[in-house]
Structure formats: C-alpha cells, structure tokens
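For reference, the structure discussed in these notes is given below.
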Amino acid sequence: VEMLKNGNLYFGDQTTHTIYEVDFFGTVKNSWPMPGYIFHHQVLELPNGNFLVTVTKDNISTINDFIIEIDRNSKQIVTTWDLRESLQADRDAWISGARNWIHVNAVEYDRSDDCIIISGRNQGVAKLTRDNKVKWILSTHNGWNKAGDGTDMKAKLLHPLAKNGTVIKDTNVLYGHINHPDFEWNWYQHATKLLPNGNLMLFDNGDNRNFTGDLKYSRAVEYKINENGKTVQQVWQYGKERGRETFSDIVSDVDYYAETNTVVFTPGSITYPSNRGKLVEVSRSSGNVVFEVTVLPPTDLSRVTMHRTDKIKLYR
C-alpha cells in the first residue's frame, strides 16, 4: 500500500487482479482491472499518472516475469514487457527450476530516459527500454549467455569499480565467490530506488551471499552506475555491521528521504533471535542511527512482519 500524488492510497490485489485506489476511510475511489494478468508485489504510479505493475501472465508456464503499464484514464494496458524475451530465462546461477526463474519483486521508473529498472530476486537488477531491450544488468557475472531474443547478455553486464575508480578484474569477485573490500554484489535484492543524484539504492537481502549462506547480513546499498562505460561503483552501505540482527533473507524495503538526508532500512523478516522486523532510520552522511524500532509479528508463527514501509504526511 502506497500513497498516490493526490493523497489517496493504492495497491494491487491478487485475488481480483485489480489495482485499487482508496481513501483513508477505506472507500474505493477507483479501480483498474488487469484482464489476462495476475498481480504480484508492486504497482508504481508514473509521473504521467499511469501505473507500472509487476504481473504474471495467464496460461503460460512461468510466473512473475511480465511488467505492464496501465493507462490511468482509459484503463487499458498500453505497454507490455515480456522478460522471457529481453532476459535469460534459462540462467540457473542463482536458482534451479524454470517456473519462477526471475521473480520480479520491484519496478522503478527512470524519467531521464523513459526506462524501467526491475529487481528480479532470482537473477539481479536490470534496466529496460520501453521497447523491452536491456541497457544493463547488475548481477554476478556467472551463467549469463543469450536472452530469449538472442541478445548477448554478457555485453550488458556492469563491471565493478574499486573506490579509486579502477576496474575490479578478479574473477572470484566478478562471479560472486568472494567480496572486494570496496564492492559487494546485491543478492536476492528488493526495493530498487533511484536517488535524486541518479544513483541506485536497493535492499540487498544477502540470501546465499557468495553462494555459501554463511554471511548472514542484509544491507541498504547505493551504487553509482555509468551506463556508457558499463561500470558500477559502491558508494554507500548500511547494515553489514549489524550482522544477523538485521538479516532478512526475504521481503524488506529501503527508502531515501532527501529532506533529512536519511535512509530508512527495513529488514522485514528477521528470524534471529526470533521472528521480527525492524525499521532503522540512519543518517546517510554520518551513518548514525537516528530512529529505530523493532516490530513484532501478529503471532509467533508469522514469518513476514513487513514487506514495504513508507513515511507519509497525513496532513497536507
């Protein structure tokens, strides 16, 4: 559930395959059906008022691998991204089993070039043009070959840089088997967000980090991406120093607030020492925590406490 620019709330419903707009009394103000598609994870209001939606297409063998754009006024689907064509559905470096091969859990819009950025939990992060062509891929370099449309995915991979700007060439780092002192890949990430400076922030869950499962920490991480040079540089992170107490291998969120220059880091499904979630607001300049709260699930058996969190202004 997120807030529209008009002050109402909106969300997608998987049961009715519909996007709903509601006010704070729960009154449905508008709705947008999605015939032929099943909602999952996220709907995003675009600057022009349209909606980007992560969906599953009916009557095909795979799931969670389509993005659609719904026109706010006509309620028609005006753009479709079939990720089986633009990306590589048979890559099994992060997951085995083809049905849920990518598991898109977030979508972001880049107004600078009218492109979208998707988080595929089981593959990495990718930027796509409006005509469904890949601009870059942020992921470990192992297992990439040809996309469904024949495009060479290896040519789209971002190459990591050290702090001094030199290219990291160690194949053990590129393939994700070890970390570099200046750079770590995103693992089974959520919540891709573009910052005002153009950098990309996301929640790096850290599930199966370095393919060992031994390094149990999650991070809010900021990457600087050079699209022309196909490079990526890690410029900020928070969470590694917290270890297991903020490790959430699933769900979770991160948001940046320019007015306070703070990041809200939300591991939503912590299992150590017991099931819980946390909201940690941290200064991006100093790294100091300015607010923190632990949120307990409704029952001891509940695994997921929070999937998304947002600061909102109730009074305008």
Side-chain angles (χ1 to χ4, degrees), residues 87-88 90-96 101-103 105-106 117-127 134-147 151-193 195 198-244 246-249 252 254 263 265 267 287:
L87 289 165
Q88 183 184 336
D90 63 356
R91 179 180 180 249
D92 59 3
W94 283 21
I95 190 173
S96 59
W101 64 276
I102 188 166
H103 191 92
N105 57 33
I117 299 171
I118 62 158
S119 166
R121 185 185 188 275
N122 297 333
Q123 299 293 340
V125 176
K127 187 173 187 179
V134 174
K135 296 193 76 171
W136 51 254
I137 297 169
L138 175 60
S139 178
T140 60
H141 286 199
N142 44 339
W144 293 101
N145 196 350
K146 299 289 185 181
T151 300
D152 181 8
M153 294 287 93
K154 293 188 289 293
K156 306 296 182 180
L157 295 171
L158 295 176
H159 296 269
L161 302 179
K163 284 182 179 179
N164 62 8
T166 60
V167 177
I168 298 170
K169 297 181 179 180
D170 187 339
T171 55
N172 283 317
V173 175
L174 297 181
Y175 278 54
H177 297 300
I178 63 173
N179 296 324
H180 187 275
D182 298 338
F183 181 87
E184 294 186 32
W185 293 108
N186 43 293
W187 295 85
Y188 300 86
Q189 72 293 311
H190 287 74
T192 44
K193 307 287 173 60
L195 303 184
N199 289 350
L200 180 72
M201 182 171 281
L202 55 82
F203 188 98
D204 169 22
N205 290 76
D207 188 24
N208 200 29
R209 193 181 298 277
N210 300 137
F211 301 107
T212 68
D214 296 332
L215 303 175
K216 295 188 181 300
Y217 56 87
S218 300
R219 306 183 301 155
V221 58
E222 178 183 346
Y223 294 114
K224 181 179 181 180
I225 294 172
N226 182 321
E227 293 192 350
N228 294 325
K230 292 291 190 297
T231 61
V232 57
Q233 191 171 32
Q234 180 180 306
V235 297
W236 186 88
Q237 76 86 39
Y238 175 83
K240 182 175 182 177
E241 59 273 42
R242 300 290 297 266
R244 287 193 68 181
T246 57
F247 171 62
S248 176
D249 60 336
S252 306
V254 63
V263 174
F265 170 65

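Throughout, numbering of the chain's residues begins at 1 and tracks the sequence.
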Smallest heavy-atom separation, D152 atom then N145 atom, equals OD1-O, 3.6 Å

Looking at CD1 of I137 and CG of L87, how far apart are the two atoms once the value is rounded to the nearest 0.5 Å? 6.0 Å

Donor-acceptor pair, side chain of Q233 and main chain of I225, under 3.5 angstrom: no

Step-by-step side-chain contact (heavy atoms from CB on, under 4.5 Å) determination, N142 to F211: CA-CA 12 Å; N142 44 339; F211 301 107; 3.3 Å; yes

Residues forming a side chain to side chain donor-acceptor pair (under 3.5 Å) with Q189, sequence neighbours excluded: S119, N186

Partner of T192 by side chain to side chain contact (heavy atoms under 4.5 Å, CB included), out of L202, I118, V254: L202

Can you confirm whether F183 sits close enough to V232 that some side-chain heavy atom of one is under 4.5 Å from a side-chain heavy atom of the other? yes

Quick one: closest heavy-atom pair of G239 and Y217, and the distance? O-CB, 4.3 Å

Under 4.5 Å between any side-chain heavy atoms of E227 and K230, yes or no? no

Please, which pairs that meet side chain to side chain donor-acceptor pair (under 3.5 Å) have at least one residue in residues 198-213, sequence neighbours excluded? R121-D207, N179-N210, E184-R209, H190-N205, N199-E222, D204-R209, D204-R219

Test applied, side chain to side chain donor-acceptor pair (under 3.5 Å); reference residue, T140; option that passes from W94, W185, W187: W94

Nearest non-hydrogen partners of S248 and S218, listed with the distance: N-OG, 3.0 Å

Closest approach of S252 and A191, non-hydrogen atoms and distance? O-CB, 4.2 Å

Have W101 and Q123 got a donor and an acceptor in their side chains that come within less than 3.5 Å? no

With sequence neighbours left out, what residues match N226 under side chain to side chain donor-acceptor pair (under 3.5 Å)? none

Hey, are the side chains of Y175 and D170 touching, using non-hydrogen atoms and a 4.5 Å cut-off? no

Please round to the nearest 0.5 Å and tell me the distance separating atom CG of L195 and atom NZ of K224. 12.5 Å

Close side-chain approach of N122 and I102, heavy atoms under 4.5 Å: no

Go through the structure and list residues passing salt bridge (charged side-chain N to carboxylate O under 4.0 Å, His left out) with K216, not counting sequence neighbours. none

Do F203 and F265 have ring centres separated by under 6.0 Å? yes

Does the side chain of Y223 come within less than 4.5 Å of V235's, by heavy atoms? no

Taking distance alone, no hydrogens or angles, what donor-acceptor pairs closer than 3.5 Å link side-chain atoms of residues 153-165 to residues at least two apart or in another chain?
{"unit_1": "K156", "atom_1": "NZ", "unit_2": "V134", "atom_2": "O", "d": "3.3"}
{"unit_1": "N164", "atom_1": "OD1", "unit_2": "T166", "atom_2": "N", "d": "3.0"}
{"unit_1": "N164", "atom_1": "OD1", "unit_2": "T166", "atom_2": "OG1", "d": "2.7"}

Of all residues at least two apart in sequence or in a different chain, which pass the side chain to side chain donor-acceptor pair (under 3.5 Å) check with H103? H41, N64, N100

Is the closest side-chain heavy-atom distance between W136 and I117 below 4.5 Å? yes

